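What you are looking at is a predicted structure, and each value in this text was computed from that prediction instead of being measured.
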Amino acid sequence: MNQSNSPAHGAESSPLGKPADYCDTYAPDLLFPIARQIKRAEIGIVADSLPFVGEDLWNAYELSWLNPRGKPIVAIASFRVPADSPRLIESKSLKLYLNSCNQSRFADADVLRVTFERDLSQAAGAPVTVDLQPLSLHPVRVIAPPPGESLDELEIDIDTYQPSPDFLIAAQDGPEVSETLHSHLLKSNCLVTGQPDWGCIVVRYTGPAIDRAGLLRYIVSFRKHNEFHEQCVERVFCDILRRCKPRELAVWARYTRRGGLDINPFRSTGEFPPPDNSAELRQ
(Lines give C-alpha, C1' and ligand atoms only; values in the text may rest on other atoms or scores of the structure.)
Protein backbone atom coordinates (compact mmCIF):
# COMPACT_ATOMS: atom_id res chain seq x y z
CA MET A 1 0.00 0.00 0.00
CA ASN A 2 1.31 3.46 -0.86
CA GLN A 3 1.59 5.24 2.49
CA SER A 4 1.31 8.62 0.77
CA ASN A 5 -2.27 7.72 -0.16
CA SER A 6 -3.16 6.07 3.14
CA PRO A 7 -4.34 7.73 6.35
CA ALA A 8 -1.57 9.34 8.38
CA HIS A 9 0.07 7.07 10.93
CA GLY A 10 1.12 7.62 14.52
CA ALA A 11 4.79 7.89 15.47
CA GLU A 12 4.76 4.43 17.04
CA SER A 13 4.29 2.90 13.57
CA SER A 14 7.19 4.79 11.99
CA PRO A 15 10.44 3.18 10.77
CA LEU A 16 12.40 5.13 13.39
CA GLY A 17 14.47 2.92 15.67
CA LYS A 18 13.83 -0.19 13.59
CA PRO A 19 16.16 -2.13 11.28
CA ALA A 20 15.69 -1.06 7.66
CA ASP A 21 16.81 -2.55 4.37
CA TYR A 22 18.08 0.30 2.21
CA CYS A 23 16.31 0.40 -1.11
CA ASP A 24 18.40 2.08 -3.85
CA THR A 25 15.76 2.24 -6.58
CA TYR A 26 13.12 4.97 -6.57
CA ALA A 27 10.39 4.10 -4.03
CA PRO A 28 7.93 6.84 -3.03
CA ASP A 29 6.07 4.31 -0.84
CA LEU A 30 8.87 4.72 1.71
CA LEU A 31 7.55 8.15 2.78
CA PHE A 32 5.83 7.90 6.15
CA PRO A 33 3.32 10.69 6.95
CA ILE A 34 2.26 11.43 10.53
CA ALA A 35 -0.85 13.44 11.37
CA ARG A 36 0.15 16.73 13.00
CA GLN A 37 -3.10 17.05 14.95
CA ILE A 38 -2.31 14.06 17.17
CA LYS A 39 0.30 16.09 19.09
CA ARG A 40 -1.28 19.50 18.47
CA ALA A 41 -4.35 18.43 20.39
CA GLU A 42 -2.13 17.90 23.47
CA ILE A 43 -1.30 21.61 23.58
CA GLY A 44 -4.80 22.82 22.83
CA ILE A 45 -4.49 23.58 19.12
CA VAL A 46 -7.76 23.25 17.23
CA ALA A 47 -7.34 21.72 13.78
CA ASP A 48 -9.23 24.39 11.85
CA SER A 49 -7.91 27.35 13.87
CA LEU A 50 -4.12 27.33 13.95
CA PRO A 51 -2.59 30.11 16.06
CA PHE A 52 0.35 30.40 13.68
CA VAL A 53 1.61 30.34 10.13
CA GLY A 54 4.97 28.98 9.10
CA GLU A 55 6.92 26.16 7.55
CA ASP A 56 9.31 23.31 8.20
CA LEU A 57 12.53 23.85 6.27
CA TRP A 58 14.53 20.68 5.64
CA ASN A 59 18.05 20.58 4.21
CA ALA A 60 19.36 17.37 2.67
CA TYR A 61 23.09 16.84 2.25
CA GLU A 62 23.22 13.18 1.14
CA LEU A 63 21.51 13.10 -2.23
CA SER A 64 22.54 11.31 -5.40
CA TRP A 65 21.01 9.78 -8.53
CA LEU A 66 22.09 8.53 -11.96
CA ASN A 67 21.90 10.53 -15.16
CA PRO A 68 20.55 8.82 -18.34
CA ARG A 69 24.02 7.36 -19.02
CA GLY A 70 24.33 5.86 -15.55
CA LYS A 71 26.77 8.43 -14.18
CA PRO A 72 26.13 9.54 -10.57
CA ILE A 73 25.11 13.11 -9.82
CA VAL A 74 25.40 14.52 -6.29
CA ALA A 75 23.46 17.47 -4.93
CA ILE A 76 22.05 19.24 -1.90
CA ALA A 77 18.38 20.05 -1.56
CA SER A 78 15.96 21.98 0.61
CA PHE A 79 12.29 21.18 1.18
CA ARG A 80 9.72 23.65 2.55
CA VAL A 81 6.68 21.97 4.13
CA PRO A 82 3.87 24.41 5.10
CA ALA A 83 2.90 24.38 8.76
CA ASP A 84 -0.77 24.11 7.84
CA SER A 85 -0.22 20.81 6.04
CA PRO A 86 -2.21 18.07 7.81
CA ARG A 87 0.81 15.78 7.99
CA LEU A 88 4.51 15.97 8.75
CA ILE A 89 6.94 13.50 7.19
CA GLU A 90 8.91 11.26 9.52
CA SER A 91 12.63 11.95 9.10
CA LYS A 92 13.99 8.41 8.71
CA SER A 93 11.41 7.70 6.03
CA LEU A 94 12.54 10.79 4.14
CA LYS A 95 16.14 9.60 4.36
CA LEU A 96 15.15 6.16 3.04
CA TYR A 97 13.14 7.81 0.25
CA LEU A 98 16.07 9.99 -0.82
CA ASN A 99 18.41 6.99 -0.74
CA SER A 100 16.03 5.13 -3.03
CA CYS A 101 17.15 7.48 -5.81
CA ASN A 102 20.78 6.34 -5.60
CA GLN A 103 20.54 3.78 -8.42
CA SER A 104 17.64 5.34 -10.30
CA ARG A 105 18.05 7.28 -13.56
CA PHE A 106 16.50 10.71 -14.05
CA ALA A 107 16.74 12.87 -17.16
CA ASP A 108 18.04 15.87 -15.23
CA ALA A 109 17.90 17.63 -11.87
CA ASP A 110 14.67 19.43 -12.73
CA VAL A 111 12.85 16.16 -13.40
CA LEU A 112 13.95 14.92 -9.99
CA ARG A 113 12.90 18.19 -8.34
CA VAL A 114 9.41 17.88 -9.84
CA THR A 115 9.27 14.25 -8.70
CA PHE A 116 10.20 15.26 -5.16
CA GLU A 117 7.60 18.03 -5.09
CA ARG A 118 4.89 15.63 -6.24
CA ASP A 119 5.74 12.87 -3.77
CA LEU A 120 6.34 15.10 -0.75
CA SER A 121 3.23 17.18 -1.41
CA GLN A 122 1.16 14.01 -1.59
CA ALA A 123 2.62 12.75 1.69
CA ALA A 124 2.20 16.08 3.51
CA GLY A 125 -1.22 16.82 2.09
CA ALA A 126 -0.19 20.33 0.94
CA PRO A 127 2.20 21.81 -1.65
CA VAL A 128 5.86 21.27 -0.76
CA THR A 129 8.47 23.33 -2.59
CA VAL A 130 11.88 21.90 -3.44
CA ASP A 131 15.17 23.58 -4.30
CA LEU A 132 17.71 21.13 -5.71
CA GLN A 133 21.28 22.17 -6.47
CA PRO A 134 23.82 19.78 -8.03
CA LEU A 135 27.30 20.31 -6.62
CA SER A 136 28.55 20.91 -10.14
CA LEU A 137 26.82 24.32 -9.89
CA HIS A 138 28.96 25.20 -6.84
CA PRO A 139 26.15 25.98 -4.37
CA VAL A 140 27.15 27.89 -1.24
CA ARG A 141 25.86 27.09 2.26
CA VAL A 142 26.12 30.22 4.41
CA ILE A 143 26.93 29.76 8.10
CA ALA A 144 25.81 32.70 10.24
CA PRO A 145 25.16 33.39 13.93
CA PRO A 146 21.51 33.54 15.00
CA PRO A 147 19.94 37.01 15.17
CA GLY A 148 19.38 38.93 18.36
CA GLU A 149 20.84 38.68 21.84
CA SER A 150 22.00 35.45 23.46
CA LEU A 151 20.45 34.24 26.71
CA ASP A 152 23.17 31.69 27.33
CA GLU A 153 25.45 33.78 29.56
CA LEU A 154 22.77 34.41 32.18
CA GLU A 155 23.92 33.12 35.59
CA ILE A 156 20.93 31.11 36.78
CA ASP A 157 20.23 27.89 38.68
CA ILE A 158 18.28 25.23 36.79
CA ASP A 159 16.89 21.95 38.07
CA THR A 160 13.86 21.34 35.84
CA TYR A 161 14.22 19.28 32.66
CA GLN A 162 10.66 18.76 31.48
CA PRO A 163 8.71 21.58 29.76
CA SER A 164 7.57 24.04 32.41
CA PRO A 165 5.62 26.99 31.00
CA ASP A 166 5.30 28.46 34.52
CA PHE A 167 8.80 29.85 33.99
CA LEU A 168 7.41 32.18 31.31
CA ILE A 169 6.65 35.59 32.80
CA ALA A 170 6.10 38.95 31.09
CA ALA A 171 5.69 42.45 32.52
CA GLN A 172 2.09 43.01 31.50
CA ASP A 173 1.99 46.44 33.17
CA GLY A 174 5.22 47.65 31.57
CA PRO A 175 5.99 49.27 28.20
CA GLU A 176 5.85 47.24 25.00
CA VAL A 177 9.21 46.10 23.63
CA SER A 178 10.43 44.54 20.39
CA GLU A 179 13.36 42.18 20.68
CA THR A 180 14.94 39.02 19.34
CA LEU A 181 16.50 36.51 21.73
CA HIS A 182 18.25 33.21 21.08
CA SER A 183 19.78 30.26 22.88
CA HIS A 184 22.02 27.39 21.84
CA LEU A 185 20.95 25.39 24.91
CA LEU A 186 17.91 23.75 23.35
CA LYS A 187 17.98 19.98 23.62
CA SER A 188 15.10 17.56 23.34
CA ASN A 189 14.87 13.88 22.46
CA CYS A 190 13.36 11.97 19.58
CA LEU A 191 9.79 10.94 20.34
CA VAL A 192 10.42 7.35 19.21
CA THR A 193 14.10 6.52 19.74
CA GLY A 194 14.94 8.83 22.65
CA GLN A 195 18.10 9.97 20.86
CA PRO A 196 19.14 13.56 21.65
CA ASP A 197 18.19 16.39 19.29
CA TRP A 198 20.38 19.51 19.57
CA GLY A 199 19.34 22.91 18.35
CA CYS A 200 19.46 26.68 18.47
CA ILE A 201 16.16 28.45 19.13
CA VAL A 202 15.20 32.05 18.31
CA VAL A 203 12.30 34.01 19.84
CA ARG A 204 11.28 37.30 18.19
CA TYR A 205 8.38 39.24 19.64
CA THR A 206 6.67 42.58 20.17
CA GLY A 207 4.76 42.95 23.42
CA PRO A 208 5.26 42.96 27.20
CA ALA A 209 8.91 42.34 28.09
CA ILE A 210 9.55 38.65 28.70
CA ASP A 211 11.68 37.77 31.73
CA ARG A 212 14.90 36.49 30.19
CA ALA A 213 15.94 34.22 33.05
CA GLY A 214 12.53 32.56 32.98
CA LEU A 215 12.68 32.15 29.21
CA LEU A 216 16.09 30.46 29.43
CA ARG A 217 14.88 28.15 32.21
CA TYR A 218 11.91 27.27 30.03
CA ILE A 219 14.09 26.49 27.01
CA VAL A 220 16.40 24.28 29.08
CA SER A 221 13.39 22.51 30.57
CA PHE A 222 12.98 20.63 27.26
CA ARG A 223 16.24 18.77 27.95
CA LYS A 224 14.58 15.42 28.82
CA HIS A 225 11.43 15.94 26.79
CA ASN A 226 10.56 13.50 23.98
CA GLU A 227 8.97 15.13 20.95
CA PHE A 228 9.66 15.74 17.26
CA HIS A 229 11.38 18.99 16.22
CA GLU A 230 8.23 20.50 14.72
CA GLN A 231 6.19 19.67 17.80
CA CYS A 232 8.73 21.22 20.19
CA VAL A 233 8.70 24.52 18.31
CA GLU A 234 4.90 24.59 18.28
CA ARG A 235 4.83 23.90 22.01
CA VAL A 236 7.27 26.75 22.67
CA PHE A 237 5.27 29.10 20.44
CA CYS A 238 1.94 28.29 22.11
CA ASP A 239 3.33 28.48 25.65
CA ILE A 240 4.88 31.91 25.04
CA LEU A 241 1.74 33.17 23.30
CA ARG A 242 -0.50 32.09 26.17
CA ARG A 243 1.71 32.98 29.10
CA CYS A 244 3.36 36.21 27.88
CA LYS A 245 0.67 37.52 25.50
CA PRO A 246 2.92 39.17 22.89
CA ARG A 247 1.16 41.13 20.17
CA GLU A 248 3.51 39.64 17.57
CA LEU A 249 5.56 36.46 17.91
CA ALA A 250 7.86 34.23 15.90
CA VAL A 251 9.73 31.15 17.09
CA TRP A 252 12.11 29.07 15.05
CA ALA A 253 14.78 26.47 15.68
CA ARG A 254 17.72 25.16 13.71
CA TYR A 255 18.43 21.56 14.66
CA THR A 256 21.72 19.81 13.98
CA ARG A 257 21.62 17.29 11.18
CA ARG A 258 21.02 13.59 11.61
CA GLY A 259 21.24 11.09 8.78
CA GLY A 260 22.18 13.83 6.33
CA LEU A 261 19.11 15.96 7.18
CA ASP A 262 18.55 19.02 9.30
CA ILE A 263 15.07 20.30 10.23
CA ASN A 264 14.29 23.96 10.88
CA PRO A 265 10.68 24.64 11.98
CA PHE A 266 9.35 28.23 11.93
CA ARG A 267 6.09 29.45 13.48
CA SER A 268 4.79 33.03 13.52
CA THR A 269 1.67 35.04 14.23
CA GLY A 270 2.15 36.34 10.70
CA GLU A 271 3.99 39.63 11.09
CA PHE A 272 7.49 38.14 10.78
CA PRO A 273 8.69 36.51 7.56
CA PRO A 274 10.56 33.19 7.69
CA PRO A 275 14.32 33.55 8.28
CA ASP A 276 16.71 32.87 5.46
CA ASN A 277 18.38 29.48 5.11
CA SER A 278 21.66 30.42 6.75
CA ALA A 279 23.03 27.48 8.71
CA GLU A 280 23.69 27.45 12.44
CA LEU A 281 27.34 26.68 13.19
CA ARG A 282 26.64 23.13 14.41
CA GLN A 283 24.64 22.20 11.33
Is the shortest side-chain heavy-atom distance between [X] and [Y] below 4.5 Å?
X: Val202; Y: Leu181; answer: no
X: Arg204; Y: Pro147; answer: yes
X: Leu94; Y: Phe79; answer: yes
X: Glu271; Y: Leu249; answer: no

Transitive ILVMFWY side-chain link [X] to [Y], under 4.5 Å:
X: Ile210; Y: Trp252; answer: no
X: Tyr255; Y: Leu57; answer: no
X: Tyr218; Y: Ile158; answer: yes
X: Phe266; Y: Leu241; answer: no

Donor-acceptor pair, distance only, cut-off 3.5 Å: does the side chain of [X] make one with the backbone of [Y]?
X: Ser100; Y: Ala27; result: yes
X: Ser221; Y: Ser164; result: yes
X: Lys187; Y: Trp198; result: no
X: Arg105; Y: Pro68; result: yes
X: Arg282; Y: Arg254; result: no
X: Asn102; Y: Asn99; result: yes
X: Arg40; Y: Ala47; result: no

Notebook entry, point to check: Taking all non-hydrogen atoms of both residues, which atom of Leu261 and which atom of Ser91 are closest, and how far apart?
Noted result: CD1-O, 3.6 Å
Margin query: One pair to check against side chain to side chain contact (heavy atoms under 4.5 Å, CB included): Lys224 and Thr160. What are the steps and the verdict?
Written below: CA-CA 9 Å; Lys224 296 182 71 175; Thr160 302; over 6 Å; no
Are side-chain N/O atoms of [X] and [Y] paired as donor and acceptor at under 3.5 Å?
X: Asp152; Y: Ser183; value: yes
X: Glu248; Y: Tyr205; value: no
X: Gln283; Y: Asn59; value: no

Checklist line | All pairs passing ring pair (Phe, Tyr, Trp, His ring centres under 6.0 Å) where residues 41-61 contributes a residue, at least two apart | finding: Phe52-Phe237
With rounding to the nearest 0.5 angstrom, report the [atom1] to [atom2] distance, [X] to [Y].
X: Leu168; Y: Cys244; atom1: CG; atom2: SG; value: 5.0 Å
X: Asp56; Y: Arg267; atom1: CG; atom2: CZ; value: 4.5 Å
X: Asn67; Y: Phe106; atom1: CG; atom2: CZ; value: 12.0 Å

Regarding [X] and [Y], does a basic nitrogen lie under 4.0 Å from an acidic carboxylate oxygen?
X: Arg113; Y: Asp108; value: no
X: Arg235; Y: Glu42; value: yes
X: Lys39; Y: Glu234; value: no

Item checked: Chi angles and distances behind the salt bridge (Lys or Arg N to Asp or Glu O under 4.0 Å) call for Arg217, Asp159 -> CA-CA 9 Å; Arg217 287 190 176 96; Asp159 61 5; over 6 Å; no
Check: Got a sec, which pairs hit side chain to side chain donor-acceptor pair (under 3.5 Å) with one end in residues 71-84, sequence neighbours left out?
Finding: Glu55-Arg80
Next item on the list: Please report the C-alpha distance between Phe116 and Cys101 in whole Å, then the side-chain angles of each, then the deciding distance to 0.1 Å, and finally whether the side chain to side chain contact (heavy atoms under 4.5 Å, CB included) criterion is met.
Entry: CA-CA 10 Å; Phe116 284 165; Cys101 297; 3.8 Å; yes
N/O donor to acceptor pairs below 3.5 angstrom from side-chain atoms of residues 126-133, sequence neighbours left out:
unit_1: Asp131; atom_1: OD2; unit_2: Gln133; atom_2: NE2; d: 3.1

Next item on the list: Using the side chain to side chain contact (heavy atoms under 4.5 Å, CB included) rule, take Arg258 and Asp197 through it: C-alpha gap first, then chi angles, then the decisive distance, then the call.
Entry: CA-CA 9 Å; Arg258 182 189 295 168; Asp197 294 322; 2.6 Å; yes
Margin query: Looking at Asp276, I want to see if its CG is surrounded by more than 12 non-hydrogen atoms of other residues, nucleotides or ligands under 6.0 Å.
Written below: yes
Note to self: Does atom CD (Glu153) have a neighbourhood of more than 12 heavy atoms from anything else shown, all under 6.0 Å?
What the structure shows: no
Check: Given the rule in the side chain to side chain contact (heavy atoms under 4.5 Å, CB included) test, do Tyr161 and Phe222 qualify, once you have shown the distances and angles that lead to the verdict?
Finding: CA-CA 6 Å; Tyr161 304 108; Phe222 278 75; over 6 Å; no
